[in-house]
Structures are given as structure tokens and as C-alpha cells.
Amino acid sequence: MSECITCGKPIFYTFHTLEVHTLPVRDFAGEKKVQALGKKTDFGVCSECAKKQYDSVFNICESFFSPALPAVVLLLLGIVLTFYFWNRNFAPFKMVGMAAIFCSITVLYSKLQKSIQLKKELESVDINEALEKAAWLCVLKAVPKKYEDNDLSYIPINKKTLALKKGDLMVLYNLLPQIAVQAYDMMHADSC
């Protein structure tokens, strides 16, 4: 792969990844998951896309407001519902309005926390590593998230993940224990 995954230009950052398929199984006892490892794939990102992603993290409009727009709309709808039915004897709409306000505030707080955490994470490292992390974010935005009924996730195969133990891999990437062992073995098969 010699083209950028987002724009098609020549690549600057290359990521070797391991695909993980997760099938959520819902039943009366709760939610369980079935996992399987997919194939190893390579993704590339150009330096311009990585720089755009890096800049968007530090732009409050792109990093917080545009992803939080549905929550803002829900907040406004909740306020309108609550105040419109405040003095009327129709409690269900008041309760729905208050629930919408509460949920939207919770979502906004969560999005704000994530954007601040990402900003701090990119500020704490040197510019080259920050651009590489931004390029990884570009990959995560561009890759498929579903394959049929399976949720797809990707584990980067780099020095940091190769240094992880099986338990750390399981916790960081939300893997089942036997899948974490298989992923560990598969990742280390080519690096030895």
C-alpha cells in the first residue's frame, strides 16, 4: 500500500495492524462477546493528513463542538420541552425534557473530557511522535468499523505493543483472554 488511506497521496507513516472481529451476543443473561482475529493489514497516511489531524485536535471547534453537535441539539430540545410543559399538567414531557438535559450534559462532559485528554496526550510528547499519533487517529477514522455483524477493531503492531504482556494487551484492547494470547503470538511471530 503506497497511498494515503484518506486522500490517496504518497504515504509518510505506515501502520502494521492486526484486525480483531467482535460479535456482541445479547441474551437474557446479559451481553457476551465472541472474538476472532482477522488478518494483518497495513495502512498508510501522508504527512499532510497527519498534520491536519494534529491541528484539528488543538482547534476547539473541530475537536469538541462538531462531534458534540447532536448533544447540543438534544440539550436545547430538552430545555424547550421542560420549560414549555413546566406549568402544564403533563408530567411525562417534563420528565423527558429533564432526562434529555441530563443525558446531553453527560455526553458533553464526556466529549470534553476526551478532547482535553487527547490534547494533553499530544502536547506531552515531541512533535514527531505527536504527528505519528495523529496519523494513527486518521487511520482509525478511515478504516471500516463493521464487517457484516462484527465490530472491527485494530491493534497497531509497533514497539510499544510488542513490549506489552498478554494481560496488558487484553486490558488495553478489550480482548478475551484466549484471543489476547493468540494476538500476542501472532504479533510476535514475524518480529522474532
Side-chain angles (χ1 to χ4, degrees), residues 1-22 35-75 104 107-164 168-169 171-175 179-180 183-184 186-192:
M1 175 176 281
S2 61
E3 293 180 348
C4 177
I5 193 170
T6 55
C7 69
K9 293 182 182 174
I11 61 171
F12 189 76
Y13 299 99
T14 303
F15 296 98
H16 307 289
T17 63
L18 181 60
E19 196 175 71
V20 179
H21 296 256
T22 304
Q35 286 184 329
L37 293 178
K39 60 184 186 274
K40 287 184 178 181
T41 52
D42 294 335
F43 297 108
V45 177
C46 68
S47 58
E48 290 177 28
C49 290
K51 181 69 174 147
K52 283 180 193 173
Q53 181 65 37
Y54 177 79
D55 292 338
S56 75
V57 169
F58 294 100
N59 183 351
I60 193 159
C61 236
E62 288 182 43
S63 66
F64 175 67
F65 288 122
S66 56
L69 189 62
V72 171
V73 170
L74 184 64
L75 177 68
S104 61
V107 168
L108 286 170
Y109 180 72
S110 172
K111 296 244 187 233
L112 183 64
Q113 239 181 350
K114 284 181 184 176
S115 66
I116 289 172
Q117 179 185 1
L118 183 60
K119 185 177 175 183
K120 284 182 181 178
E121 188 178 318
L122 291 183
E123 285 176 337
S124 67
V125 295
D126 68 338
I127 188 71
N128 293 330
E129 191 174 343
L131 285 171
E132 187 173 348
K133 285 184 179 190
W136 176 246
L137 291 174
C138 284
V139 168
L140 291 179
K141 281 184 176 181
V143 294
K145 314 257 186 304
K146 291 278 257 185
Y147 177 74
E148 294 176 357
D149 290 338
N150 298 322
D151 297 330
L152 294 178
S153 58
Y154 299 88
I155 302 172
I157 303 173
N158 55 27
K159 291 178 187 174
K160 289 181 182 178
T161 54
L162 288 173
L164 294 174
D168 297 334
L169 204 60
V171 171
L172 283 174
Y173 294 100
N174 201 17
L175 301 174
I179 298 299
Y184 182 85
M186 196 176 211
M187 287 167 56
H188 286 83
D190 292 337
S191 63
C192 294

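When a residue number appears, it is its place in the shown sequence, counting from 1. Below, each value reflects all heavy atoms present in this structure, side chains not excepted, and no hydrogens, waters or symmetry copies.
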*Asks:* Within a reach of under 6.0 Å around OH of Y173, are more than 12 heavy atoms found that belong to other residues, nucleotides or ligands?
*Replies:* yes
*Asks:* Could you walk me through whether N158 and T161 satisfy the side chain to side chain donor-acceptor pair (under 3.5 Å) test, starting with their C-alpha distance in whole Å, then the side-chain angles of each, then the deciding distance to 0.1 Å, before giving a yes or no?
*Replies:* CA-CA 6 Å; N158 55 27; T161 54; 3.1 Å; yes
*Asks:* Looking at residues at least two apart in the chain, or sitting in another chain, which of them share a side chain to side chain donor-acceptor pair (under 3.5 Å) with S115?
*Replies:* none
*Asks:* Can you tell me how far the OG atom of S153 sits from the CG atom of L18, to the nearest 0.5 Å?
*Replies:* 9.0 Å
*Asks:* Evaluate the criterion side chain to side chain contact (heavy atoms under 4.5 Å, CB included) for residue pair L175 and I155; output intermediate values, then yes/no.
*Replies:* CA-CA 10 Å; L175 301 174; I155 302 172; 3.8 Å; yes
*Asks:* Checking D168 now: which residues fulfil side chain to side chain donor-acceptor pair (under 3.5 Å) with it, not counting sequence neighbours?
*Replies:* none
*Asks:* Answer with yes or no after comparing the ring centroid distance for Y154 and F43 against a 6.0 Å cut-off, counting only values under it.
*Replies:* yes
*Asks:* Is it true that K160 and E129 have a side-chain N and a carboxylate O under 4.0 angstrom from each other?
*Replies:* yes
*Asks:* What's the separation between atom CD1 in I157 and atom CG in D42, rounded to the nearest 0.5 Å?
*Replies:* 8.5 Å
*Asks:* Quick one, F15 with E132, criterion side chain to side chain contact (heavy atoms under 4.5 Å, CB included). Give me CA distance, side-chain angles, the key distance, then yes/no.
*Replies:* CA-CA 10 Å; F15 296 98; E132 187 173 348; 4.1 Å; yes
*Asks:* Can you see which heavy atom on W136 is nearest to which on P156, and at what distance?
*Replies:* CZ2-CD, 3.7 Å
*Asks:* Does any part of the side chain of L169, heavy atoms only, come nearer than 4.5 Å to the side chain of M187, both counted from C-beta?
*Replies:* yes
*Asks:* If I take atom CG from residue L118 and atom CG from residue L122, how far apart are they, to the nearest 0.5 angstrom?
*Replies:* 4.5 Å
*Asks:* Walk me through whether V20 and L37 qualify under side chain to side chain contact (heavy atoms under 4.5 Å, CB included).
*Replies:* CA-CA 5 Å; V20 179; L37 293 178; 4.0 Å; yes
*Asks:* Grab the two heavy atoms, one from L108 and one from A68, that are nearest each other, plus how far apart they are.
*Replies:* CD2-CB, 3.5 Å
*Asks:* In chain order, what residues pass the side chain to side chain donor-acceptor pair (under 3.5 Å) check against K114, with sequence neighbours excluded?
*Replies:* none
*Asks:* Look at atom NZ of K133 and say whether more than 12 heavy atoms of other residues, nucleotides or ligands are closer to it than 6.0 Å.
*Replies:* yes
*Asks:* Any idea which heavy atoms bring A50 and A135 closest together, and the distance?
*Replies:* CB-CB, 3.8 Å
*Asks:* Please list, chain by chain and in numerical order, all residues satisfying side chain to side chain contact (heavy atoms under 4.5 Å, CB included) with D55, sequence neighbours excluded.
*Replies:* K51
*Asks:* Please report the closest heavy-atom contact between I11 and C4, naming both atoms and the distance.
*Replies:* CG2-N, 3.4 Å
*Asks:* Count the heavy atoms belonging to other residues, nucleotides or ligands that lie under 6.0 Å from CD of Q117, then report whether that count exceeds 12.
*Replies:* no
*Asks:* Rounded to the nearest 0.5 Å, what separation is found between the NZ atom of K52 and the SG atom of C7?
*Replies:* 6.5 Å
*Asks:* Supply the atom-to-atom distance L162 CG to H16 NE2, rounded to the nearest 0.5 angstrom.
*Replies:* 10.5 Å
*Asks:* Can you label the angle between the Y184 ring and the H188 ring as parallel, tilted or perpendicular, going by 30° and 60°?
*Replies:* tilted
*Asks:* One pair to check against side chain to side chain contact (heavy atoms under 4.5 Å, CB included): D151 and H21. What are the steps and the verdict?
*Replies:* CA-CA 6 Å; D151 297 330; H21 296 256; over 6 Å; no
*Asks:* Going by the rule side chain to side chain contact (heavy atoms under 4.5 Å, CB included), which residues pair with D149 if we only count those two or more places apart in sequence or in a different chain?
*Replies:* L23
*Asks:* Heavy atoms only: give me the nearest A142-T6 pair and the separation to one decimal.
*Replies:* CB-CG2, 3.9 Å
*Asks:* Does K145 NZ have over 12 foreign heavy atoms under 6.0 Å away?
*Replies:* yes
*Asks:* Specify the closest pair of heavy atoms between M186 and G38, including all atoms of both residues, with the distance to one decimal.
*Replies:* CE-O, 4.0 Å
*Asks:* Within a radius of less than 6.0 Å around NZ of K146, do more than 12 heavy atoms belonging to other residues, nucleotides or ligands occur?
*Replies:* yes
*Asks:* Test your reading of the model: is there a side-chain donor-acceptor pair from Q53 to the backbone of V139, 3.5 Å cut-off?
*Replies:* no
*Asks:* Considering residues at least two apart in sequence or located in another chain, which fulfil the ring pair (Phe, Tyr, Trp, His ring centres under 6.0 Å) criterion with F58?
*Replies:* Y54
